[in-house]
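Encoded as structure tokens, the structure appears first; notes follow it.
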Amino acid sequence: MANEKREYVVRCKDLYKEFVMGDTVLQALKGIQLDIYRGEYVSIMGPSGSGKSTLFNMVGGLDKPTSGTVFINDVDMAQLDAQELAYLRCRTIGYIFQTFNLIPVMTALENVVLPMIFAGVPQDEAVERGIELLKIVGLGDRLHHKPTELSGGQQQRVACARALANNPAIILADEPTGNLDLKTGKEIIELLRRLNKEQGVTVISATHDLKMIDISDRIVWIRDGQIERIENREDIELKVGSVEHEEE
Amino acid sequence: MPNESSKAAIGRQTQLPFKRALEISLKSLKIRFWRSMITAAGIFLGIAFLTVVLTQSLLQWPIPEKVDAGFVRVSGQVNGPGDYDVWTPASIEEGLKAGIPKEVLDRVNVDGQFNLRDIVQGAINAERAEKKLRRLKREWQSLSKIKDDLAFYVSVASDADIKVRDALKRGVPTFTARNLAIVAAVRKDLEKRLEEEGANSDSKEVRALKSELDFYMAAAADPRVKLADAAKYGVPKGRKRKTPGADATFKGGDLAEIIRQQPDWVNVLFASAALDQDVTIKDAVRQGVPETVARRLAGQGNTFKPSALNDLIKTYPDEMKKWKRRAERNAIFKTVPKSAIAAIARTHARTLNDVLADAKQLAKEADRTNVMIVNTGRKIKVDFSRFGQDAGKVKLVDGDNIYVPDRNTRYRMIWLVVMSLLVCTVGITNSMLMSVTERFKEIGTMKCLGALDKFIVELFMLESGMMGGAASILGWLTGFLLMLIVAISTTGWDVIGNLEAKAVLLTFVEAVVVGMLLTIVATIAPAKRAADMPPAMALRSEI
């Protein structure tokens with residue numbers, strides 16, 4: 001495409017990942033080449049076991065590839081030490097998980113504030129921004145509830161707010177709608193899209209939720225650890241809603 | 001391409017302030033309150049036990065009721081054994097103040113001072129004398145029943161002249177006693193005759209006398225031998241002897257001869273006495289000899305001579321008098337109140353080390369290194385901290401009391417404490433391992449949000465440290481109070497003695513430090529494991 005002027009925020013080169021399970025070696029990723037532009041909304045699609053979660057972990061710096069490199073903002077992740085990696089995870093990337101992964105002992109607000117605390121933001125400022133973020137995701141009235149007191153959708157909203165806390169360049173969402181019902185899943189997807197539009201944050205989402213296709217700029221199809229095809233949204237015509245795919 | 005220059009864009013994550021970690025771990029403790037309680041209970045029990053042991057050694061346990069000889073005796077390989085006071089001399093005034101009667105103090109006064117040993121020893125002597133006297137009296141009671149008969153039969157053995165009257169009184173049958181008296185008369189006649197006619201004479205008269213002798217001997221042994229039978233023995237017709245009176249005598253040897261022929265005729269004790277033979281303990285006891293006496297006479301063996309018993313019986317009156325005098329002389333020491341002895345003992349006890357130093361000096365002079373201390377004393381205050389120095393060289397025997405715990409007791413105590421702490425540590429490690437494992441996901445999330453490994457470790461350390469600290473403090477308090485309550489309720493308020501605040505504080509510090517250290521040590525491994533794990537793996541884990 002004619003996107004020469006746009007800068008890359010994530011670049012993956014020859015990404016291989018092997019898991020050794022007893023005597024067998026499982027090749028989860030087999031030479032992934034993927035470039036993602038700043039401000040894009042990318043969905044990584046594929047059946048379970050295709051390696052999309054593994055790719056997600058590589059991009060997020062949560063695991064190390066067996067070979068190949070991942071560049072985030074043109075920085076080679078393999079070159080980073082533990083402190084730099086923590087810095088990167090804290091400020092550059094925001095994570096959203098299928099299982100929400102909120103800290104159970106903390107309230108919604110405290111969960112959102114925590115990454116800012118790690119980033120060294122003063123307490124008052126962090127709390128102020130935390131409240132603001134929770135309002136954005138529509139939980140202004142649920143600030144002091146513990147995760148157990150919130151519904152799944154609400155918890156995922158808190159997770160979204162938390163992912164945005166330090167103004168990251170990228171939001172990595174691993175099956176963000178996997179544990180939610182259709183309606184709430186849709187809301188979360190719309191929320192992510194809105195954040196992508198309004199805040200200009202790059203969203204990379206690993207999913208097999210076809211609702212994502214409708215709003216994604218690009219869809220990366222993965223099968224057996226390899227990229228099957230990359231589609232631009234304008235190239236596909238999909239009648240979203242007509243496909244009854246969700247089993248939940 | 002990229003790299004190098006742009007790497008500067010990535011900063012380094014800085015460690016969070018301690019306050020943050022404290023806040024988070026406090027919150028986490030609060031929310032997992034019951035689980036934390038169970039983990040803490042293990043530490044609590046371990047520390048309580050440790051404190052009980054520590055506190056017990058601080059208390060002033062009273063002298064046991066039974067006070068033995070108040071000295072340590074050095075014996076064994078040391079030349080010139082000696083007795084060593086375990087108490088330093090006290091002044092007479094102190095004694096009066098403690099409540100020791102003046103008459104007692106007068107008895108033990110040496111240049112205005114006295115040694116508690118003399119009083120304790122005096123009381124022991126009185127006790128021993130009374131005990132001995134009681135025993136002698138008891139034995140005398142049994143022995144007096146047989147003593148006259150025994151004396152009689154012992155005299156039989158010595159071939160003494162015996163009056164018929166005495167023999168009859170002892171139960172010798174009349175025919176025996178009377179005929180033996182005739183035997184004695186006939187023998188006298190025969191001896192006279194032989195003197196006149198020469199030793200080898202075989203005159204008619206001599207033969208007649210010899211026949212008479214045989215006849216009367218037989219008659220003495222067997223009531224069926226009648227006067228009419230005299231002719232059978234070759235006694236000439238018409239020879240008749242006058243029946244002897246009660247004052248007539250016969251030879252003990254003749255009676256012994258009859259007893260030898262008919263051993264069942266008198267009881268075995270007396271028969272043995274008459275024949276000067278050994279009697280077994282069993283037989284003697286059956287005849288009324290106290291077993292203690294019989295055993296003493298028999299010594300290592302199983303039998304004794306009745307004559308020895310006869311000799312022993314003669315000493316009884318004197319012995320009893322002697323021990324009675326001794327008991328009376330020392331009775332005054334028994335009037336000293338126990339509390340007075342305890343008071344002096346408490347202030348004038350020498351440490352075991354002082355006594356050991358004496359013993360060692362003695363060993364050195366004797367050029368020996370192996371000193372054996374036989375501890376018969378009950379009042380040696382042992383300084384535990386210094387006790388170990390001499391442990392290799394000194395063997396304590398009979399150290400079965402609080403003041404002188406032998407090495408085994410001490411080792412057993414240490415062993416017990418170490419084991420309990422070990423079990424504690426294993427329990428805590430298990431709990432912490434569980435607590436960490438079930439929070440892998442949380443740890444992974446924290447790392448995704450930018451937490452450093454160090455922070456994760458700090459979090460767990462703080463959590464376990466606080467838990468360990470709180471449990472240790474409670475454990476110490478419980479152990480300390482428990483020991484005090486038990487000690488006071490069993491032995492009274494005196495047990496507190498001069499409990500120093502400093503020493504108590506030391507046990508507190510020891511208990512808390514040990515408790516926290518154990519907890520932290522038990523946490524290091526699981527916390528480190530959690531922190532080192534790649535976030536992806538931590539997130540993947542399901543509990």
Side-chain angles (χ1 to χ4, degrees), chain A residues 8 11 13 53-54 56-58 60-64 69 71-77 79-107 110-112 114-120 123 146 148 159 162-163 165-166 172 174, chain B residues 1-17 19-33 35-36 435 438-457 459 463 531-543:
Chain A
Y8 296 119
R11 307 189 74 184
K13 291 201 161 168
S53 277
T54 312
F56 172 89
N57 287 338
M58 299 298 138
L62 304 180
D63 212 348
K64 283 192 162 64
T69 40
F71 296 97
I72 301 276
N73 283 342
D74 291 344
V75 175
D76 181 359
M77 292 243 273
Q79 307 284 326
L80 303 180
D81 65 18
Q83 273 172 291
E84 288 166 335
L85 213 52
Y87 184 94
L88 185 89
R89 290 191 200 121
C90 184
R91 291 154 214 255
T92 312
I93 308 171
Y95 301 85
I96 297 168
F97 304 96
Q98 181 177 3
T99 50
F100 324 136
N101 288 13
L102 299 177
I103 310 288
V105 299
M106 294 179 175
T107 63
E110 282 168 334
N111 264 291
V112 178
L114 189 63
M116 290 188 266
I117 298 293
F118 285 137
Q123 176 81 13
K146 289 260 166 63
T148 45
R162 185 178 66 180
N166 287 324
L172 279 172
D174 187 6
Chain B
M1 277 284 290
N3 227 344
E4 298 315 312
S5 60
S6 52
K7 200 188 159 183
I10 301 288
R12 301 175 72 83
Q13 190 75 312
T14 45
Q15 178 77 357
L16 274 185
K19 207 182 111 208
R20 281 281 155 206
L22 195 69
E23 268 172 34
I24 295 174
S25 41
L26 263 175
K27 221 174 257 167
S28 158
L29 270 178
K30 215 169 92 188
I31 207 138
R32 284 174 243 268
F33 183 75
R35 156 177 266 300
S36 308
S435 153
E438 71 177 18
R439 282 152 77 184
F440 270 167
K441 202 167 233 172
E442 194 181 320
I443 291 164
T445 312
M446 285 250 208
K447 286 182 82 167
C448 286
L449 299 180
L452 287 173
D453 294 0
K454 267 192 288 180
F455 182 74
I456 305 278
V457 176
L459 220 56
E463 200 180 310
D532 288 348
M533 197 175 267
M537 200 199 283
L539 286 171
R540 212 179 300 134
S541 72
E542 287 291 333
I543 29 123

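Lettering follows sequence order; numbering is per chain, from 1.
Of the listed residues (A:Met106, A:Gln123, A:Lys146), the one with the most heavy-atom contacts under 4.5 Å to chain B is A:Gln123. Ranked by heavy-atom pairs shorter than 4.5 Å toward chain A, the options B:Lys27, B:Lys454, B:Met537 are led by B:Lys27. The residue among A:Thr92, A:Ile103, A:Leu62 with the most heavy atom pairs within less than 4.5 Å of chain B is A:Leu62. Per-residue counts of heavy-atom pairs under 4.5 Å with chain B were compared for A:Leu114, A:Asp63, A:Leu88, A:Ile117; the largest is that of A:Ile117.
For the atom pair B:Thr445 OG1 and A:Tyr95 OH, the distance stands at 11.5 Å (nearest 0.5 Å). Rounding to the nearest 0.5 angstrom, the gap separating the CZ atom in A:Phe118 from the NZ atom in B:Lys447 is 11.5 Å.
When all heavy atoms of B:Ala451 and A:Ala86 are compared, the closest pair comes out as O-CB, 4.4 Å. Scanning all heavy atoms of the two residues, the minimum distance from A:Cys90 to B:Gly450 falls at CB-CA, 3.7 Å.
A 4.5 Å side-chain heavy-atom check between A:Asn57 and B:Leu539 finds every atom pair outside the cut-off.
Heavy atoms closer than 4.5 Å to chain B are found in the side chain of A:Phe97, but not in its backbone. Proximity to chain B is absent for every atom of A:Lys64, based on heavy atoms less than 4.5 angstrom apart.
Results of the side chain to side chain contact (heavy atoms under 4.5 Å, CB included) test with B:Leu449 over A:Met116, A:Arg89, A:Arg162 single out A:Arg162 as the only residue that passes.
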